[in-house]
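Written out below as structure tokens is the structure these notes cover.
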Amino acid sequence: MMDYNKLAELLFPDIDKTPADYEAFYPSRPAAADGAVITRLGPSPTGFIHLGNLYGAFVDERLSHQSRTSDGTPGTFYLRIEDTDDKRYVEGAVETIIRSLGFFDINFDEGAALDGEEIGAYGPYFQSNRGPVYQAFVKELVRKGQAYPCFLTEEDLNAIRQEQEANKETTGIYGKYAEKSRNLPYEEIEANIAAGKPYVVRLKSSDTSADSRHQGVNYEDRDGVTYIVINDAIRGKVAMPANDQDVIILKANGIPTYHFAHVIDDHLMRTTHVVRGEEWLMSLPIHVELFEKLGFELPTYCHTAVLMKIDEETGNKRKLSKRKDPELSLDYYRKEGYHPQAVKEYLMTILNSNFEEWRAENPDAGIDEFHFTTEKMSSAGALFDLNKLKDISKDILLKIPADELADFLINWAREFKPQALPLLEDKEYLTKILDLGRHDNKPRKDLIYAKQIFEFISYFYDDYFTIQERIPEQVSDEDAREILKRYLETYDHSDDQSEWFEKIRTITADLGYAVKPKDYKKHPEEYKGSVAHVSTVIRIAVMGRSQSPDVWSIQQILGEERVRARIRELIG
RNA sequence: GGUCCUAUGGUCAAGCGGUUAAGACACCGCCCUUUCACGGCGGUAACCCGGGUUCGAUUCCCGGUAGGAUCACCA
């Protein structure tokens with residue numbers, strides 16, 4: 001009979017703290033028992049933060065920050081860096097994560113922070129600094145005979161896998177494939193370690209049909225197989241075969257695998273809701289078994305759907321991939337100049353199916369006033385819809401005051417279009433431009449994102465002004481010249497809008513065009529064209545394009561000199 | 001291949017045994033209008049297939065099919 005205490009000491013001679021020590025060191029959060037939701041974001045520090053991360057982070061943030069204890073204290077949202085894979089670390093990644101999320105108003109209360117600091121009493125928040133914590137729990141598991149060292153080499157593992165594949169069996173270390181390692185005599189283990197052989201620690205998966213079943217988990221027997229049934233906050237009941245694999249919990253370098261770190265950290269840091277992508281669903285049985293063996297209470301799981309897109313090549317839905325899809329990168333939205341509020345609003349519409357309805361009823365409410373629920377989340381992968389984002393963006397920008405929008409645009413230019421910055425420096429001018437047509441009963445909604453806005457308003461700046469369109473076919477070149485000539489002659493910058501338009505009517509009638517577009521429509525043979533065509537000539541002369549807000553208003557902003565100069569330029 | 005998840009118009013989605021099967025985006029037409037946008041009105045367009053259960057299935061069950069996810073000393 002193996003002496004597990006002796007084995008534990010052999011494996012972890014330097015670990016003197018016990019699980020009980022850590023339980024005491026990280027006290028349970030009183031707020032959590034009183035209705036507060038504790039969530040965490042656990043990114044690996046690859047330095048790449050994408051839309052999927054934002055999607056999940058948003059759920060975490062809302063869940064915790066909208067929750068309240070009985071005295072009104074909100075829950076906690078913390079940042080834990082999951083850097084158990086040393087190969088993945090990228091310099092400056094933590095800062096990128098915090099800044100990228102901060103751009104969307106998603107802020108952490110606790111955990112890893114800027115300048116390498118950490119905030120909160122549940123740290124360290126870098127998993128790479130928590131080695132002794134994990135090892136104390138592994139040691140305990142070894143002591144109880146529920147974990148064991150495994151010296152299988154890569155070649156051994158490959159051989160086993162090949163055999164299993166040949167036999168069409170499930171791959172991995174379980175059942176008879178685990179027996180040899182599980183039953184290695186103490187002397188042999190000792191000799192291996194003395195010889196410096198690398199080893200991992202595996203969980204000794206146990207028979208779940210036994211009566212050692214965890215009280216927080218429902219089990220179900222289906223055709224002789226034991227299933228665990230978990231109530232997922234997003235998906236409802238989820239059933240999966242119980243784990244029977246002797247999974248690795250501690251890698252040869254002494255660092256735990258994700259599975260083990262997740263269980264230890266989320267327990268010790270007192271996480272109440274674990275929000276993560278559905279790609280984790282399949283490993284849930286492993287986590288459940290770990291929680292069970294460790295005697296921890298299960299958190300509430302929220303497995304979010306994966307964001308999808310249509311693959312141009314195959315026409316099928318597929319997971320957004322960071323290599324193929326630029327719109328997955330958060331940087332894409334920053335570069336295009338989408339307002340963070342618009343992206344958030346869009347995300348919320350795909351996050352909660354009743355959000356749009358709520359928004360229609362509460363057009364001016366802050367997005368945080370919406371009560372977000374996991375039950376209303378779709379469990380199928382949503383297709384990212386750029387059109388919808390644009391539509392939402394129009395409405396959001398309309399609600400942002402013009403001077404704020406001007407700041408936003410200037411900040412954007414500072415980063416992404418520095419050559420245009422000098423033009424934008426006259427903020428008053430820019431603000432007037434952005435404010436155009438926004439205060440009517442039917443406000444214009446033609447601003448979508450910075451890049452597009454810049455293009456849209458470019459004609460206000462001489463450096464960017466170009467004639468982009470041709471005059472309508474109804475108007476001959478001579479007429480066009482005559483229209484502009486008379487327009488310039490009669491132009492009075494102090495005219496109000498109706499006086500101004502009256503003059504255009506006069507020119508229209510004098511040159512044989514219909515003053516009312518309807519007349520031209522009814523009797524096209526009696527006129528050369530209509531006032532619409534005459535106006536278009538002026539539009540093109542002043543704006544370089546036929547589509548724009550109201551001409552008179554634009555001229556007021558452009559100023560008399562600029563208007564006259566542009567027309568003069570054309571009639572030579 | 002095993003396992004799990006999912007399945008309503010082009011897209012996002014309501015629905016939860018009886019509905020003319022909502023709504024939003026996109027698209028088309030008309031109206032408003034000096035252009036465009038906005039707005040208004042209208043339109044095209046959907047319950048994956050096959051069995052059950054039921055008086056009655058989009059809805060419940062089973063089986064297909066399709067798509068997705070996952071099967072690492074990565075997270």
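The figures that follow rest on heavy atoms only: side chains count, while hydrogens, waters and symmetry mates do not. All chains are named by letter (A, B, ...) in the order of the sequence lines, taking the proteins before the strands, and each is independently numbered beginning at 1.
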*Determine the contact category for Pro198(A): base if any of its heavy atoms lies under 4.0 Å from a base atom, sugar-phosphate if only primed atoms, P, OP1 or OP2 are that close, otherwise nothing.*
nothing
*Rounded distance in Å between the P positions of U59(B) and U54(B)*: 16 Å
*Would you mind telling me which residue lines up with the more 5' stretch of RNA chain B, Val238(A) or Ala252(A), judged by nearest nucleotide?*
Val238(A)
*Which part of the nucleic acid, if any, lies within reach of Ile540(A) when heavy atoms closer than 4.0 Å are counted: base, sugar-phosphate only, or nothing?*
nothing
*If you measure from the P atom in G42(B) to the same atom in U8(B), how many Å do you get, rounded?*
28 Å
*Pick base, sugar-phosphate or nothing for Tyr199(A), based on heavy-atom distances below 4.0 Å to the nucleic acid.*
nothing
*What does Trp552(A) touch in the nucleic acid at a heavy-atom separation under 4.0 angstrom: a base, only the sugar-phosphate, or nothing?*
nothing
*Between G10(B) and C27(B), how far apart are the C1' atoms? Round to whole Å, please.*
9 Å
*Give Thr170(A) one of three labels, base, sugar-phosphate or nothing, depending on what nucleic acid heavy atoms sit under 4.0 Å from its own.*
nothing
*Phosphate contact (G15(B) OP1 or OP2) by Lys376(A) side-chain N/O below 4.0 Å*: yes
*Is the distance between the ring centroids of His50(A) and Tyr55(A) less than 6.0 Å?*
no
*Please step through salt bridge (Lys or Arg N to Asp or Glu O under 4.0 Å) for the pair Lys388(A) and Glu356(A), ending with a clear verdict.*
CA-CA 12 Å; Lys388(A) 187 87 178 180; Glu356(A) 279 190 274; 2.9 Å; yes
*Return no unless some side-chain N or O of Ser353(A) is found under 4.0 Å from OP1 or OP2 of A14(B).*
yes
*State the pairing partner of A24(B); accept Watson-Crick or G-U wobble contacts with both distances under 3.5 Å, and report none otherwise.*
U11(B)
*Examine distances only and state if a side-chain atom of Ser393(A) and a backbone atom of Ile448(A) form a donor-acceptor pair shorter than 3.5 Å.*
yes
_Who pairs with U19(B) - Watson-Crick or G-U, where each distance is under 3.5 Å_ = none
*asked:* Using the C1' atom as the point on both nucleotides, what is the distance between A13(B) and U70(B), in whole Å?
replied: 28 Å
*asked:* Is there a side-chain contact between His303(A) and Arg276(A) in this structure, where contact means two heavy atoms from C-beta onward sitting under 4.5 Å apart?
replied: yes
*Which base, if any, makes a Watson-Crick or G-U wobble pair with G1(B), both distances under 3.5 Å?*
C71(B)
_Could you identify the nucleotide paired to G29(B), looking across every strand shown and requiring Watson-Crick or G-U wobble geometry with both distances under 3.5 Å?_
C41(B)
_Within the 4.5 Å heavy-atom criterion, are Tyr449(A) and Tyr333(A) side-chain neighbours or not?_
no
*Could you give the distance separating C36(B) and A14(B) at their C1' atoms, to the nearest angstrom?*
34 Å
*What is the distance, rounded to the nearest whole Å, between atom CG of Asn387(A) and atom C1' of A13(B)?*
16 Å
*asked:* Mind checking if Lys518(A) touches a base, just sugar-phosphate, or nothing, with heavy atoms under 4.0 Å?
replied: sugar-phosphate
*Determine the contact category for Ser546(A): base if any of its heavy atoms lies under 4.0 Å from a base atom, sugar-phosphate if only primed atoms, P, OP1 or OP2 are that close, otherwise nothing.*
base
N/O to N/O distances under 3.5 Å, protein versus nucleotides 38-42 of chain B:
from: C38(B); atom 1: O2'; to: Pro443(A); atom 2: O; distance (Å): 2.8
from: G39(B); atom 1: OP1; to: Lys445(A); atom 2: NZ; distance (Å): 3.1

*Can you spot which of Glu169(A), Gln164(A), Gln245(A) makes a side chain to side chain donor-acceptor pair (under 3.5 Å) with Tyr177(A)?*
Glu169(A)
*asked:* For Lys180(A), I'd like to know if atom NZ has over 12 heavy atoms of other residues, nucleotides or ligands within 6.0 Å.
replied: no
*asked:* For the base of U34(B) and the side-chain ring of Phe501(A), does the geometry meet a stacking cutoff of under 5.5 Å between centres and under 30° between planes?
replied: yes
*Just how far, in rounded Å, is C1' of G1(B) from CD of Glu165(A)?*
10 Å
*Taking a pair as Watson-Crick or G-U wobble with both distances under 3.5 Å, which nucleotide is matched to G56(B)?*
none
*Over 12 non-hydrogen atoms of neighbours within 6.0 angstrom of CD in Glu473(A)*: no
_Complementary nucleotide of C48(B), counting Watson-Crick and G-U pairs under 3.5 Å_ = G64(B)
*Can you tell me how far P in U58(B) sits from the matching atom in U53(B), rounded to whole Å?*
16 Å
*Most 5' of Ala532(A) and His259(A) on RNA chain B, judged by nearest nucleotide*: Ala532(A)
*Relative to each other, are the rings of Tyr301(A) and His287(A) parallel, tilted or perpendicular (30° and 60° limits)?*
parallel
*When we call it a touch if two heavy atoms are under 4.0 Å apart, what does Arg545(A) touch: a base, just sugar-phosphate, or nothing?*
nothing
